[in-house]
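Note that the numbering runs from 1 along the sequence shown for the chain.
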Amino acid sequence: MSASTADTVIVDFDGVLLRGDAFGLFLRRTAFAGARLPLAAAALVFLAPIATVPAFRPWAARWVSRIGLLGRNAEELRAELARFGADLGAEPGRIIAPGLRMIRTHLAAGDRVIVVTACEHTLARAVLDAIGLAGVELVASRIRGPRLIVHNHGATKMAQLAGQGVTPPWRVAYSDSLSDLPILGSAEQPVLVNANARQVARARRLLGARLTTVTWLGGQGPEVRR
């Protein structure tokens, strides 16, 4: 059934609600720790140049994920991701306070908030639950054992939303990445978070005057809108 999008707010995760790349942190701190470190280093040396080509980034991401998760039992992996996400949500300075306030404000106004992210689902869900957003909907990447079966990045986000009956236009969209231009372009009010001048200029060319940019400072600092 198609859902009404009149009051729908689409929110990116990494860089908007959480500082850094949650799944990347999991790989570096957990999956690639200890004896796997040399394998990780070799994989990154090989894959880093490939990942600079936008068309090959999903392929590179799948292989980095697969190498990091190889050999892990699926149930144990889910539990490990959930524990890591809960810990990440409690880590000092990890959650972007203005992003969290923004979501709470939309929820209080009765808006439907959907977090749409390339982060793995179990990990992102655990973070959201840990910071009091258990009721917020989530559309994320999916793994099956060590395999990344859905990389929810770029245009895939639009397809995943459509698969759940959420179709544009939506009222507001927040992202820190130009890979989310399809999401931002489908919003009545696109909001680009913590972008540099080049990103703002490109987004402005495509989205025009309806684009809002915000700078969300550390801790409980103020929000600067442009």
Side-chain angles (χ1 to χ4, degrees), residues 9-33 40 44 48 51 57 60-61 64-65 68 80-107 113-141 143 148 151-154 157 172-181 183-184 190-200 202-203 211-226:
V9 177
I10 307 296
V11 182
D12 192 16
F13 181 68
D14 294 328
V16 172
L17 184 59
L18 181 135
R19 300 190 191 283
D21 175 347
F23 192 65
L25 287 167
F26 174 78
L27 290 176
R28 289 196 297 275
R29 294 183 185 179
T30 304
F32 283 147
L44 291 175
R57 280 176 194 158
V64 169
S65 173
E80 196 171 12
L81 285 161
R83 285 194 300 271
F84 187 84
D87 291 343
L88 206 58
E91 188 174 292
R94 182 61 62 183
I95 301 303
I96 299 172
L100 180 56
R101 287 198 298 269
M102 170 271 294
I103 290 179
R104 287 175 173 164
T105 298
H106 280 297
L107 291 173
V113 177
I114 308 175
V115 172
V116 184
T117 176
C119 182
E120 190 278 331
H121 189 277
T122 300
L123 173 53
R125 182 76 268 166
V127 173
L128 294 175
D129 292 353
I131 61 176
L133 299 179
V136 170
E137 296 175 68
L138 175 64
V139 177
S141 294
I143 60 174
L148 180 64
H151 186 209
N152 195 46
H153 180 267
K157 290 186 176 183
V172 191
Y174 298 84
S175 179
D176 72 323
S177 173
L178 295 188
S179 68
D180 282 334
L181 279 172
I183 293 279
L184 293 169
V191 182
L192 193 58
V193 179
N194 290 347
N196 60 40
R198 181 176 297 180
Q199 289 173 313
V200 172
R202 183 182 170 196
L211 177 69
T212 297
T213 65
V214 296
T215 300
W216 286 344
L217 305 177
Q220 300 297 318
E223 173 184 311
V224 180
R225 300 178 72 91
R226 299 187 299 277

Heavy atoms only: give me the nearest [X]-[Y] pair and the separation to one decimal.
{"X": "Ala118", "Y": "Ser141", "result": "O-OG, 2.6 Å"}
{"X": "Ala126", "Y": "Ala86", "result": "CB-N, 3.8 Å"}
{"X": "Val200", "Y": "Leu211", "result": "O-CD2, 4.3 Å"}
{"X": "Asp12", "Y": "Ser175", "result": "OD2-OG, 3.4 Å"}
{"X": "Gly99", "Y": "Trp216", "result": "CA-CZ3, 3.5 Å"}
{"X": "Ala173", "Y": "Leu184", "result": "O-CD2, 3.6 Å"}

Check: [X] side chain, [Y] main-chain N or O, donor-acceptor pair, under 3.5 Å:
{"X": "Lys157", "Y": "Ile183", "answer": "no"}
{"X": "Asp21", "Y": "Asp14", "answer": "no"}
{"X": "Arg202", "Y": "Ala197", "answer": "no"}

Side chains of [X] and [Y] in contact at under 4.5 Å (non-hydrogen atoms):
{"X": "Thr117", "Y": "Leu138", "value": "yes"}
{"X": "Leu88", "Y": "Glu91", "value": "yes"}
{"X": "Leu107", "Y": "Leu133", "value": "yes"}
{"X": "Asn194", "Y": "Thr215", "value": "yes"}
{"X": "Leu17", "Y": "Leu128", "value": "yes"}
{"X": "Phe84", "Y": "Arg29", "value": "yes"}
{"X": "Val191", "Y": "Met102", "value": "no"}

Taking atom [atom1] of [X] and atom [atom2] of [Y], what is their separation to the nearest 0.5 Å?
{"X": "Phe23", "Y": "Leu123", "atom1": "CZ", "atom2": "CG", "answer": "7.5 Å"}
{"X": "Phe13", "Y": "Asn152", "atom1": "CZ", "atom2": "CG", "answer": "13.0 Å"}
{"X": "Arg94", "Y": "Ile131", "atom1": "CZ", "atom2": "CD1", "answer": "12.5 Å"}
{"X": "Asn196", "Y": "Asp176", "atom1": "CG", "atom2": "CG", "answer": "10.5 Å"}
{"X": "Glu120", "Y": "His151", "atom1": "CD", "atom2": "NE2", "answer": "11.5 Å"}

Set out, in order, the CA-CA distance, both residues' side-chain angles and the distance that settles side chain to side chain contact (heavy atoms under 4.5 Å, CB included) for Leu18 and Ile95, then state yes or no. CA-CA 5 Å; Leu18 181 135; Ile95 301 303; 4.2 Å; yes
Derivation and outcome, side chain to side chain contact (heavy atoms under 4.5 Å, CB included), residues Val9 and Tyr174: CA-CA 8 Å; Val9 177; Tyr174 298 84; 3.7 Å; yes
Before you tell me yes or no, could you show the steps for His106 and Ile103 under side chain to side chain contact (heavy atoms under 4.5 Å, CB included), namely the whole-Å CA-CA distance, both residues' side-chain angles and the distance that decides it to 0.1 Å? CA-CA 5 Å; His106 280 297; Ile103 290 179; 5.8 Å; no
Stepwise side chain to side chain contact (heavy atoms under 4.5 Å, CB included) check, Ile10 with Val139: CA-CA 10 Å; Ile10 307 296; Val139 177; over 6 Å; no
CA sep, side-chain torsions, deciding dist, call: Arg83, Asp87, salt bridge (charged side-chain N to carboxylate O under 4.0 Å, His left out): CA-CA 6 Å; Arg83 285 194 300 271; Asp87 291 343; over 6 Å; no
